[in-house]
Number of protein chains: 2
Amino acid sequence: MTGNAAVDAEVTSRERVLRAAAYLFRTKGFDATSMREIAQLAGLGKSSLYHHVPSKQQMLGELVDHGMDQLTSALQRVATADLPTTERLRLAVRTHVLTYIEHRDSVACFIQEGRALTGDQRGAFFAHRDRYEGWFRELVADGIAKGEFRPTDVKLAVFAILGMCHWVVRWYRPDGGFPPEKIADDFAEFAVRGLVTGQEGG
Amino acid sequence: MTGNAAVDAEVTSRERVLRAAAYLFRTKGFDATSMREIAQLAGLGKSSLYHHVPSKQQMLGELVDHGMDQLTSALQRVATADLPTTERLRLAVRTHVLTYIEHRDSVACFIQEGRALTGDQRGAFFAHRDRYEGWFRELVADGIAKGEFRPTDVKLAVFAILGMCHWVVRWYRPDGGFPPEKIADDFAEFAVRGLVTGQEGG
DNA sequence: GGCGCCCGACGGACCGGTCGGTCGGGCGCC
DNA sequence: GGCGCCCGACCGACCGGTCCGTCGGGCGCC
């Protein structure tokens with residue numbers, strides 16, 4: 001709430017549209033979602049959408065950015081922690097999973113629908129994604145340099161970890177019987193065990 | 001010549017159509033791919049597609065089935081191996097990765113585009129997918145029962161492993177600098193390390 | 001208070017274009 | 001000739017997006 005009634009009204013309406021779009025983009029995909037469906041879910045006529053949003057593409061771009069922001073801002077809080085690399089990896093995976101679950105729709109837009117972007121938005125999307133992956137690569141490389149992690153290909157290790165994390169988008173259901181904390185803990189443990197030194201001789 | 005090796009091969013028209021469709025479905029997604037594009041890539045007029053395939057939906061269904069068959073038939077060769085569970089897991093992950101890379105387009109249809117199916121095909125898809133996941137769950141549960149794997153939630157462990165594997169669809173490029181064998185080995189090692197007993201006290 | 005104006009929110013009708021799919025006919029090979 | 005393969009032309013439906021009129025609440029002016 002800003003205290004300004006007129007602004008609040010506009011923000012809420014616009015937000016309703018964006019949330020409806022994010023939900024549909026996540027569950028059906030960008031291309032399979034029509035502006036009519038978004039309008040219906042938001043409780044508006046189709047033409048009214050365009051009072052709040054310039055185009056379907058722009059809407060996706062905004063949602064992708066928002067999803068990315070959720071992940072990066074959550075991760076930055078972890079990045080600065082003064083902890084052993086192993087624990088920072090654990091925190092990073094935990095944070096990713098919990099952030100996704102909390103902001104499912106927009107993060108799913110970022111993870112799943114980014115390729116539907118065009119032009120400048122597409123470039124910005126790839127840049128953001130690379131920066132996000134790069135942060136994980138530094139984390140893993142740091143752990144290897146410090147001897148906390150076994151030596152292994154950094155890119156592949158990050159692909160493995162992020163694949164495990166991103167895939168949550170595809171199977172998580174709020175009523176699926178797994179509390180977010182449980183998923184976050186198990187996945188963090190899985191990632192850490194995959195990288196830490198020990199059990200040599202395989 | 002189209003310049004696309006997957007389509008240029010000397011095969012029947014029907015196969016050319018299916019391969020073109022699989023390639024486009026993987027790279028652009030089912031909904032973003034038009035029958036006109038498929039026809040063009042296959043070197044045919046749009047109407048000619050319908051001499052080989054009854055509909056776009058049916059085509060996707062066939063490709064999803066085919067991708068699923070590639071994975072399951074490859075996995076069944078591994079399932080019967082008389083090896084410790086740890087080594088069977090390693091083989092399973094290796095096989096999954098290598099099979100995906102060898103049959104990228106149709107397997108990607110199975111992994112990524114299955115949700116675009118409708119009706120009976122949709123039900124069959126979910127059944128196949130569940131059977132595939134079920135096989136992995138039995139493998140993991142078996143390893144835990146035998147004491148080779150640490151006790152952990154089986155479903156989550158399989159989600160983690162399959163997430164890591166399925167995500168290959170999204171980043172693998174033939175010229176990406178990673179030989180398939182390297183990816184398969186690293187991912188198998190990652191999965192095994194995530195599950196085997198040892199390093200307790202975390 | 002009462003009146004009139006304004007303006008943002010909204011929706012019905014409609015646009016050009018593209019979608020998946022159909023149809024009738026032509027062309028070449030046996 | 002007959003048959004398999006193929007294509008241009010075409011269909012109704014639906015796409016994202018626009019146009020323009022309606023509605024109603026807020027605000028200045030008297």
Side-chain angles (χ1 to χ4, degrees), chain A residues 2-25 27-64 109 113 115-119 121-122, chain B residues 1-2 7-25 27-64 109 113 115-122:
Chain A
T2 64
N4 181 320
V7 171
D8 280 342
E10 184 189 345
V11 166
T12 344
S13 197
R14 178 184 161 84
E15 199 123 334
R16 284 227 319 290
V17 170
L18 287 173
R19 289 183 193 196
Y23 173 78
L24 291 170
F25 290 169
T27 53
K28 306 185 50 170
F30 176 76
D31 290 301
T33 299
S34 74
M35 292 298 268
R36 286 161 181 83
E37 289 174 290
I38 297 170
Q40 189 173 5
L41 187 57
L44 290 176
K46 181 176 72 94
S47 11
S48 306
L49 294 185
Y50 292 91
H51 284 276
H52 306 289
V53 154
S55 73
K56 193 186 179 189
Q57 275 282 333
Q58 203 68 36
M59 202 162 34
L60 176 62
E62 190 161 329
L63 290 170
V64 167
C109 287
E113 306 298 331
R115 72 173 173 183
L117 291 171
T118 60
Q121 288 184 326
R122 189 180 178 84
Chain B
M1 297 288 276
T2 65
V7 178
D8 287 339
E10 275 190 31
V11 287
T12 62
S13 279
R14 178 182 163 81
E15 197 125 339
R16 285 226 320 286
V17 169
L18 287 173
R19 291 186 190 193
Y23 172 77
L24 290 169
F25 290 168
T27 53
K28 304 185 54 170
F30 176 77
D31 290 301
T33 298
S34 71
M35 292 299 267
R36 288 162 179 81
E37 290 173 290
I38 296 169
Q40 189 173 4
L41 186 57
L44 290 177
K46 181 174 72 88
S47 2
S48 305
L49 296 184
Y50 292 90
H51 285 275
H52 306 289
V53 153
S55 74
K56 193 187 179 188
Q57 276 281 335
Q58 203 69 37
M59 202 159 38
L60 176 62
E62 190 161 330
L63 290 170
V64 167
C109 287
E113 306 298 329
R115 71 174 174 184
L117 292 171
T118 59
D120 294 345
Q121 288 184 325
R122 189 180 178 84

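Note on naming: letters A, B, ... go to the chains in the order of the sequence lines (proteins, then strands), and numbering restarts at 1 for each one.
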Gap between atoms CD and C1', on B:Gln57 and C:dC19 respectively (whole Å): 14 Å
Whole-Å distance, A:Glu37 CD to D:dG16 P, equals 8 Å
Rounded to whole Å, the CD-P distance (A:Gln40 to D:dG16) equals 14 Å
Closest non-hydrogen contact found for A:Val64 with A:Cys109 is CG2-O, 3.7 Å
Select one nucleotide: of C:dG21, C:dC19, D:dG17, the one nearest the side-chain heavy atoms of B:Ser55. C:dG21
Just jot down the salt bridge (charged side-chain N to carboxylate O under 4.0 Å, His left out) partners of A:Arg122, sequence neighbours excluded, or say none. none
Atom NZ of B:Lys56 and atom C1' of D:dC14: how far apart are they, to the nearest Å? 13 Å
Kindly compute the distance separating CG (A:Leu60) from OG1 (A:Thr118), expressed to the nearest 0.5 Å. 9.0 Å
Would you be so kind as to tabulate the donor-acceptor pairs closer than 3.5 Å made by side chains of residues 37-47 of chain A, with sequence neighbours excluded?
unit_1, atom_1, unit_2, atom_2, d
A:Glu37, OE1, A:Lys28, NZ, 3.4
A:Glu37, OE1, A:Ser34, N, 2.9
A:Glu37, OE1, A:Ser34, OG, 3.4
A:Glu37, OE2, A:Lys28, NZ, 2.4

Not counting sequence neighbours, which residues clear side-chain contact (heavy atoms from CB on, under 4.5 Å) with B:Gln121? List them please. B:Gln57, B:Gln58, B:Leu117
Distance check needed: C:dC10 P versus A:Leu49 CG, whole Å only. 10 Å
Tell me the salt bridge (charged side-chain N to carboxylate O under 4.0 Å, His left out) pairs involving residues 55-64 of chain A, sequence neighbours left out? A:Arg14-A:Glu62
So NE2 of A:His52 and CZ of A:Arg16: to nearest 0.5 Å the spacing works out to 8.0 Å
Can you see which heavy atom on B:Ser55 is nearest to which on B:Tyr50, and at what distance? CA-CE2, 4.2 Å
Given atom OH of B:Tyr50 and atom P of C:dG24, what is their separation to the nearest angstrom? 17 Å
Using rotation axes that map the C1' atoms of four end pairs onto the next four (five pairs an end), what angle separates the end axes of the helix from C:dG1-D:dC30 to C:dC30-D:dG1, to 10°? 10°
Above 12 or not: heavy atoms from other molecules or residues under 6.0 Å from CZ of A:Arg19? no
With sequence neighbours excluded, tell me which residues meet salt bridge (charged side-chain N to carboxylate O under 4.0 Å, His left out) with B:Arg36. none
Could you check how far CD1 of A:Ile38 sits from C1' of D:dG17, rounded to whole Å? 13 Å
Expected string for nucleotides 5-10 of chain D under the B/S/- scheme (protein heavy atoms, under 4.0 Å, primed atoms plus P, OP1, OP2 as sugar-phosphate) is -BBBB-
Quickly work out the B:Gln58 CD to C:dT22 C1' distance and round it to whole Å. 17 Å
Enumerate all atom pairs, one protein N or O and one N or O from nucleotides 26-30 of chain C, separated by less than 3.5 Å.
none

Gap between atom CD of B:Glu113 and atom OG1 of B:Thr33 - 0.5 Å precision: 7.5 Å
